[in-house]
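Scroll down for the structure; my scribbles are underneath it.
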Amino acid sequence: MMLNTAIYDSLKVEEFEMAWENMVQHFQIADHEWLQTFYEDRERWVPIYSKDTMFAGLSCFQKGGSMSPFFDGYVHQQTSLKEFFDIYELVLQKKHQKEAIDDIESRDSSSLLKTARYYEMQLSGMYTNDIFRKFQDEIVMMSSCFGIAQVHASGPIFTYMVQEKRGEEEPNDVRKFEVVYDKTGAEVRCICNCFNFKGYLCRHALCVLDYNGVGEVPFQYILARWRKDFKRLYVPDFGSNNVDIANPVQWFDHLYKRAMQVVEEGMTSQSHSMVAWQAFKESLNNVRLVADKHSPMAEAPCSNELVLDNKVNDNKKQMDGGKIGLDDPYGVPDERKEFVAPAVGMEFESYEDAYNYYNCYAKEMGFRVRVKNSWFKRNSREKYGAVLCCSSQGFKRIKDVNRLRKETRTGCPAMIRMRLVDSKRWRVLEVTIEHNHLLGAKIYKPVKKIGSGNKRKSHTSSNAEVRTIKLYRALVIDAGANNGNSSSDAREVRKSSEFPNQLNLKRGDAQAIHNYLCRMQLTNPSFFYLMDLNDEGHLRNVFWVDARSRASCGYFSDVVYIDTTCLLNKYEIPLVALVGVNQHGQSVLLGCGLLAGETTEAYIWLLKAWHTCVAGFNPQTIITDRSQTLQTAVAETFPRSHHCFGLSHIMKRVPEKLGGLRNYDAIRKSLMKAVYETLKVIEFEAAWGFMVQRFGVGDHEWLRSLYEDRVRWAPVYLKDTYFAGMSAARPGEILSPFFERYVHKQTPLKEFLDKYELALHKKHKEETLADIESRSSGPILKTRCSFELQLSKVYTREIFKKFQFEVEEMYSCFSTTQIHIDGPIIIFLVKERLLGEGNRREIRDYEVLYNRSAAEVRCICSCFNFYGYLCRHALCVLNFNGVEEIPPKYILSRWKKDYKRLYIPDHSSSRVDATDRVQWFNQLYRSALQVVEEGVISLDHYSVALQAFEESLNRVHEVELKQDQL
């Protein structure tokens, strides 16, 4: 009883301390160990010490209050892990269903009013039903309060004493509550601290507002998190002031986040979904109007002069130099370094480093930092823990309210809690990002330094800022190495054979992976990852795809190259990358994985994980290294895809496999001739047989197995296979590893995780530059061929250069001769002059099939299937037959400047199941992505797209307003 009185009835620290002392002395329990430790931790659990802490209703600081376990009623002491996973989704489904029902009830119905007070009517239209009922109880209990008396005044700040009857049975049982009221700021604070504990004003504060004639609850006391439309209001306003308008990479991220806000709102109901979808269609039309007005290619010149828009030169100068340099590893302007938000798991070398990082982050965001708490060891007085918070955290103490200084604190919850761990590093254990007040402009005052005696020299503000960035960028590298391992441990060698069923990780690698995935999921929209554990609970395989890569999956998954360079060559990191090629012919990442080994099971798991991420999409062609395990895995996961072995990988192994043979140079020459110069299967077979017989290599194991697999790698067998430029079917062409410049054989995992973002950032920047160049300038025309002019307006710059080379090489072709006719189908023979060995001129014959009625053309060299555009021989036949324009079927959309706009289909509402929320989401997501891709064309497009998303969001909001009026 005395313990409850001390805890629940104390309104001031002195009252709690006195009540606790009385209890200890009365029962002589000063030596009770549990109570003693309980008392030492009192600042973390006693209500009176937590009055400056925001609890949002989770405080349980009233008698009888409790926090029920989330899985209460579903999990008991004997529940097995497997059983838990079986019921996990059921529990979440029920919780989500209840939340959805509560949302509907709050939107569609209003609670009955119990009093005539305006406060009740005001918040009945704002709060959700459940929160309003709790607030309504406070309104009703205002009638138990009386005797409101002013006890102190200091300028605009008044202190009142409010008396309250504790019960009808004992009329003399009255409690007094101090309430501070600031008339100028309409701020009120009761000593019971109901607002911080529960998130709404108490009866005592309401009585004081009413006493002073305040007709409405001030807006700062109406928390957005309790509102019916909270999810709509909570999403931060990513205004243009937070986006570097010179950085198109940021345009995508900003528009994507805003688009997801509209999609989220559109999932409220079918009506919301239909309005959002229609709004996206209109938004797309609005953005395309910008393209029509600003497109420099609207009237392409027919001259051979280079057409350049000065704007692209300016853009390129900005991105290559000036504000944003391509050599800047983070793509951040020198005068404006961006600090990624703090996340759990960050580690720093010292407390000073951690403090400086958070201070720099705060400066960038527009708030100030103060130290809320620090903990020191008793004996050494060494600091081992701290809480850094926003300067607006908490409220003034009651005894300080009479000071003339204006109150600036708002009870802001933003903070980080960190602690010194075993490795003598400071680790972030808890983070709250959100503020409950407006953030100011960026603060450009010198960063405060925390001295540490003679051990550390002071730094200038700029040095500290740069140093803090380096600390943050290296946090993944350092995370997890907390076991006191020496520097020699960092160089320990993996023993892959020791644990074949789990990832062979160094000390700290597992923690680094966990930190990285968690941070990416928090900061990267639509980040997707899966982790595979073995029966012992050890990490076996990992797969992840970031938001940009997921978007690339939607466009460029027609041909996928599975890059297993690191795994097959026994790199330090067992990395597997899934790679595609974009509209500029650049490689794009479609997914990444870490595998325990080169097993069929591991590859199947990886491919199924990616298959899940892309919603069951099947690539047309999959290219891999020559591997039986990969062949089995691809056949099982993608049975309808055409699986090929990378020719460049095979030819790269020729020196290794054949270098020891006596006539190596001659064998290699014969092999190259069979592979690259044969146009028909019969020619390949003859050339291979000649090589085997002449050099006596019929028993060579590698060559024999290579021949058995010839239908998967030899170009002559793959002429019906679509490669989108990834065939490497010509001498010297290779499929380069995606992370070639960033990963070497000894690169540790933790270093790779840090380089991963750098690599992707540079790839995205290269794509953005290529987009700008392709849209804003016309290439130099080198011939008067109509085909060249036609596709100069359509293809991206890089793809057009490759096609333009074919147009130029038409002049090396001669004697287009008709050799066979079968109805509308005609076979032509095109002769071409080539430079052979020793610069000797050679003439080669190419058969080209042409169907006049269907406007179809096909050359025996199969350039179109291998590279995605017509060859010189096919162009000669079209020209010979008087065709002035390339048929549309031979102009692949994936090479067009506006491919991302054209590719996404128009998902009409008739195709969407009105009862399937998953289909709603897919429809809205694709439509939104279409607008986003269109919005990154230029700054004008970006501005129009951003405004369109704002208007779309307002239109979806109006659906609810109309429903409320009915």
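Source: prediction; values computed, not measured. What you see below is based on every heavy atom in this structure, not just the backbone, and it leaves out hydrogens, waters and symmetry mates.
Taking OG of S50 as the start and CZ of F197 as the end, the distance is 6.0 Å to the nearest 0.5 Å. Atom NZ in K51 sits 8.0 Å away from atom SG in C190 (nearest 0.5 Å). For the atom pair CZ (F71) and OH (Y88), the distance works out to 6.0 Å, reported to the nearest 0.5 Å. Rounded to the nearest 0.5 Å, atoms OG (S392) and CZ (R370) are 8.5 Å apart. L11 contributes atom CG, which lies 6.0 Å from atom CD1 of I48 (distance to the nearest 0.5 angstrom). Note that OH of Y355 is 10.5 Å distant from SG of C360, once rounded to the nearest 0.5 Å.
Y357 has its side chain within reach of P342: a pair of non-hydrogen atoms, C-beta onward, lies under 4.5 Å apart. Looking at heavy atoms from C-beta onward, V344 lies out of side-chain contact with L429 at the 4.5 angstrom threshold. A 4.5 Å side-chain heavy-atom check between Q393 and M415 finds every atom pair outside the cut-off. Under the 4.5 Å side-chain criterion, counting only non-hydrogen atoms from C-beta, F367 is not in contact with C412. Using a 4.5 Å heavy-atom threshold, the side chains of L749 and K506 count as separate. The shortest side-chain heavy-atom distance between F527 and R550 does not fall under the 4.5 Å cut-off. Residues Y516 and Y529 fail the side-chain proximity criterion, which asks for heavy atoms closer than 4.5 Å. Between D532 and F543 there is no side-chain heavy-atom pair separated by less than 4.5 Å.
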**Asked** Is there a side-chain contact (heavy atoms from CB on, under 4.5 Å) between L517 and V542 once you walk through the steps?
**Response** CA-CA 10 Å; L517 296 178; V542 185; 4.0 Å; yes
**Request:** Starting from the C-alpha separation in whole Å, work towards a yes-or-no answer on side-chain contact (heavy atoms from CB on, under 4.5 Å) for R227 and I222.
**Result:** CA-CA 8 Å; R227 295 193 181 198; I222 305 174; 4.0 Å; yes
**Request:** Before giving the answer on side-chain contact (heavy atoms from CB on, under 4.5 Å), spell out for I573 and E751 the whole-Å C-alpha distance, their side-chain angles and the decisive distance to 0.1 Å.
**Result:** CA-CA 10 Å; I573 52 172; E751 182 181 339; over 6 Å; no
**Message:** Pair L420, W375 - check side-chain contact (heavy atoms from CB on, under 4.5 Å), show working.
**Reply:** CA-CA 10 Å; L420 187 67; W375 292 275; over 6 Å; no
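For CZ of F38, the number of neighbouring non-hydrogen atoms (other residues, nucleotides, ligands) closer than 6.0 Å is greater than 12. Shown here is H514, whose NE2 atom has no more than 12 heavy atoms of other residues, nucleotides or ligands within 6.0 Å. Within a 6.0 Å sphere centred on CD of E40, heavy atoms belonging to other residues, nucleotides or ligands number more than 12.
Of the charged side-chain nitrogens involved, at least one lies within less than 4.0 Å of a carboxylate oxygen, so that E178 and K12 count as a salt-bridged pair.
Between the side chain of N373 and the backbone N or O of V387 there is no donor-acceptor pair closer than 3.5 Å. Side-chain N or O atoms of K198 include none that pairs as donor or acceptor with a backbone N or O of F135 at under 3.5 Å. One N or O on the side chain of R540 and one on the backbone of L533 form a donor-acceptor pair closer than 3.5 Å. With hydrogens and angles ignored, the 3.5 Å screen pairs no side-chain donor or acceptor of S10 with any backbone N or O of I7. A donor-acceptor pair is defined here as one N or O able to donate and one able to accept, closer than 3.5 Å; no such pair exists between the side chain of T747 and the backbone of F752. Put simply, the side chain of K372 never gets that close to the backbone of C389: no donor and acceptor are under 3.5 Å apart.
Heavy atoms only, all atoms of each residue included: Y221 and E187 are closest at OH-CA, 3.3 Å. Listed here is the closest heavy atom pair of H437 and C390: NE2-SG, 3.4 Å. Of all the heavy atoms in H435 and A414, the pair that sits closest is CE1-CB, 3.4 Å. The shortest non-hydrogen separation linking V13 to Y49 is CG1-OH, 3.5 Å. Nearest heavy atom pair, residue G385 against residue W426, reads N-CH2, 3.5 Å. Closest approach of L760 to D546, counting heavy atoms only: CD2-OD1, 3.0 Å.
Annotation: cation-pi geometry satisfied between K383 and Y351 (NZ/CZ under 6.0 angstrom from ring centroid, within 45° of ring axis).
Taking the six-membered ring for Trp and the full ring otherwise, the centers of W226 and Y200 sit at least 6.0 Å from each other. You'll find the ring centres of Y756 and W544 inside the 6.0 Å limit.
Side-chain atoms of N356 and E352 form no donor-acceptor pair, as typed in the model, at a separation below 3.5 Å. A donor-acceptor contact closer than 3.5 angstrom links the side chains of Y39 and E17.
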